Structure formats: C-alpha cells, structure tokens
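Lettering follows sequence order; numbering is per chain, from 1. Side-chain atoms are counted along with the backbone in the values below, which use heavy atoms only and exclude waters and symmetry mates. Just so we're clear, the structure is a prediction, and the values are computed from it rather than from any experiment.
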Amino acid sequence: MPELPEVETVRRGLTQLVAGATIDHVEVFYPKMVTPEPEVFTAELIGRKIEKIDRRGKYLLFRFSGNLTMVSHLRMEGKYDVQPEGSPVTKHTHVIFHLTDERELRYTDTRKFGRMRLLKTGTEAEALPSLAKMGPEPTADTLTLTYMQKIFGKSHKIIKPFLLDQSRIAGLGNIYADEVLWLAKINPLTPVDTVTDDQLETLRQAIIAEIKKAIAGHGTTVHSFSTAFGEAGQFQNDLHVYGREGEPCERCGTEIVKIKVAQRGTHYCPHCQPLPPSAEGMFDDD
DNA sequence: AGAGGTGTTGTGCC
DNA sequence: TGGCACAACACCTC
C-alpha cells in the first residue's frame, strides 16, 4: 500500500532513528526476501554504518559505508521499526538488523511481498532496471508540463494505468491515482492523447500538490500503514473518492462509483469526471 | 467456510 | 516490443 508519501514518511522517520548507527549483525528469517542469499547478505552488512537513507519513487535506498546500498521495496505491507534489543517480535518479522547501540531495526511484512537487495552504490544500484527506467519525481521542478505533454501526446493508453506506470511518473499508486483524477475532473478511462493541455496542467498541479500535502500529513493509513514511529498517517481524512463508493461527491453530490480498470479498483464521480465525447461508446463498463 | 478482493512489481505470454 | 494478465503472499470480508 505504501505509495510515495508513505515511503517518504518512513524515510524521514528512519533517518531520525538510525542514520549514523552501525550494524552489529543481521538475521534473515525468510530467505526469499533478500538478495544475494542470506549468508552473503548478512556477512556483507556486519560493521557497516548507515550513512543516510535516500528514496526514489517508492524505493528506499539505505546508503552504507563502503559504497554499499540496500535497495528496499515495501510492496504492499512492508514496515520498518526500531525497538530495543530483545523486545518481542511477531511471526511476520522477517529481517532484523542488530545495531551496535542495543537497538534493532526490524522489517515486518505480513504478505512477504517486500524485497531488499544489496548492491554497489553508484553503479549497480542505480543500474537496477526499475530504478534506471523510473520517471521523474512528482515535484514542480522535475515533473514539467513539457514532459507531461511529451509522454501524453502519443499514447493511446487509458489514463488510469498510465498514471500507475512508474516509468512515466514516479510514486503514484492506486489511491493517489484515483484522487488526482478526481481533482483534475478526468475520467479514469480517458485515452491519454485526448487530454487537453488545460486538463494536463490541472492534472500536473494536482499531482504535485496532492503528493506534497500527503507527505505533510505523514501519508495515508488504509489497512496497515504506519510511520517508523508506529503512528498512523493522517491523509486518509483527505481522500475524496478512494474507498468512498456510494458516498456523495464533495463537489456535486453524485454518488461515487467503483469500477475495475486494468484489474484495479477505481473510484470516480460519474458527473464531475465524464468521458470525453471522443471516447464515448468505446467502453461498456459494468 | 471457501472464494474473491486487496496493491505493487516483475515475469511471461502473445 | 509493448501491452496485458497474472504470480508472489496473507489476511479480511462476504
């Protein structure tokens, strides 16, 4: 579930808690979670200092001394937290980084989807295909209108899955994709090459503002997200359509509907977000 | 109480 | 190649 704002919230929390700390040793309880294999993974980390923690899209990049980076993706339900050494663990704790100061950095993930990968900083890590191909971060400086026009101009894809494609824009997931489409009054089934320049600039500003606001609110807690301090985010209180099917649209009062678009639950207002005339009749949604 | 929904990335297929 | 379906997995709801 963690999208960019949640991952950034985790990054900031972990920076406060463990930047500067040194690894004493590491335990891996679920071998598939780490690359290379646990014997090598754990041996590599002994004695390394966590120099800083970066983020790219939804990936966390732990920078260790000796030019080593751990690329970590939380996928659906991955969590990091920091506890005193020896405090009780749950059955979903899969990796424990024992620090030299009698604390433990723990990775917990009920669905075991998350992955962490140890790579050389600056060469291997940045060359990881998912990182190398990632689109610009959704900030005003990096997500320019010119770039948006370029990627939207020639694709016949529909906009919802387009926004979820990390190689086009980094960091949007299912929740924020629905939210920004509602903010920009664009139907999720709209072919991207039919989006007008005005709509595109509205959408761009919605993406930038929404991500910024969600980071300020420490992310959205649906299901199970929590910050590195174990606290819930606040942004779920600011959602306009996600999880609100059957409720009135805040702008016009029409019932929010939920449909499936490219296998994903998709929430929108049929009145505020009409299909453009050019796309009518192309879809038989049910 | 078993089936289906949940979301993200990587894969495998055509 | 690019676009799409699905696997990876566990938990919750109906």
If you measure from the P atom in dT11(B) to the same atom in dC9(C), how many Å do you get, rounded? 14 Å
Under 4.0 Å between any heavy atoms, over every strand shown, what does Arg264(A) touch: base, sugar-phosphate, or nothing? Just pick one. base
Rounded to whole Å, the NE2-P distance (His73(A) to dT9(B)) equals 4 Å
Lys79(A) NZ to dC11(C) C1', in whole Å, measures 12 Å
What is the distance, to the nearest angstrom, from the CD1 atom on Ile158(A) to the C1' atom on dG2(C)? 15 Å
Just how far, in rounded Å, is C1' of dG5(B) from CG of Asn174(A)? 12 Å
Without decimals, in angstroms, what is the distance between His156(A) NE2 and dC4(C) C1'? 17 Å
Show the numbers, then the answer: is there a side-chain contact (heavy atoms from CB on, under 4.5 Å) between Ser87(A) and Arg106(A)? CA-CA 11 Å; Ser87(A) 53; Arg106(A) 297 171 176 180; 3.1 Å; yes
Which nucleotide, dG3(C), dT9(B), dG5(B), lies nearest any side-chain atom of Lys260(A)? dG5(B)
Between Arg244(A) and Trp182(A), is NZ or CZ placed under 6.0 angstrom from the six-membered ring centre and within 45° of the ring axis? no
Let's go through Tyr176(A) and Glu210(A) carefully: what are the C-alpha distance in whole Å and the side-chain angles of both, what is the deciding distance for side-chain contact (heavy atoms from CB on, under 4.5 Å) to 0.1 Å, and is it a yes or a no? CA-CA 8 Å; Tyr176(A) 296 112; Glu210(A) 189 73 353; 4.2 Å; yes
Under 4.0 Å between a side-chain N or O of Tyr242(A) and OP1 or OP2 of dT6(B)? no
Nearest to the side chain of Arg111(A), which nucleotide is it out of dG3(C), dC9(C), dG5(B)? dC9(C)
Picking from dC11(C), dG5(B), dT9(B), the nucleotide nearest the side-chain atoms of Lys91(A) would be dC11(C)
How do Lys58(A) and Gln263(A) order along DNA chain B: which one's closest nucleotide is nearer the 5' end? Gln263(A)
Under a 4.0 Å N-O cut-off, is there an ion pair linking Asp54(A) with Lys52(A)? yes
Got Phe41(A) and Val26(A) here, is their nearest side-chain heavy-atom distance under 4.5 Å? yes
Using atom CG of Leu172(A) as one end and atom P of dT8(B) as the other, report the distance to the nearest whole Å. 10 Å
Between Tyr59(A) and Ser130(A), does a side chain to side chain donor-acceptor pair (under 3.5 Å) hold up when you go through it step by step? CA-CA 10 Å; Tyr59(A) 288 84; Ser130(A) 45; 3.0 Å; yes
Starting at atom CG of Leu164(A), determine the distance to atom P of dG3(C), rounded to an integer number of angstrom. 14 Å
Just the rounded figure in Å: distance from C1' of dG3(C) to CG of Asp165(A). 11 Å
Checking contacts here: which listed nucleotide (dC4(C), dT6(B), dT8(B)) is nearest the side-chain heavy atoms of Lys157(A)? dC4(C)
Does a donor on one side chain and an acceptor on the other come within less than 3.5 Å for Asp24(A) and His98(A)? no
Dot-bracket assigned to DNA chain B with the 3.5 Å Watson-Crick/G-U criterion, [ ] for crossing and | for other-strand pairs, is .|||||.|||||||
Nearest-nucleotide pick for Arg75(A), side chain only, options being dT8(B), dG3(C), dC11(C): dT8(B)
At under 4.0 Å between heavy atoms, what does Tyr30(A) touch on the DNA or RNA strands: base, sugar-phosphate, or nothing? sugar-phosphate
Can a side chain N or O of His92(A) be found less than 4.0 Å away from OP1 or OP2 on dC11(C)? yes
Determine which pairs satisfy salt bridge (charged side-chain N to carboxylate O under 4.0 Å, His left out) with at least one residue from residues 189-199 of chain A, sequence neighbours left out, and list them in order. none
Side chain of Thr110(A) only, please: which of dA10(C), dT9(B), dG5(B) is the nearest? dA10(C)
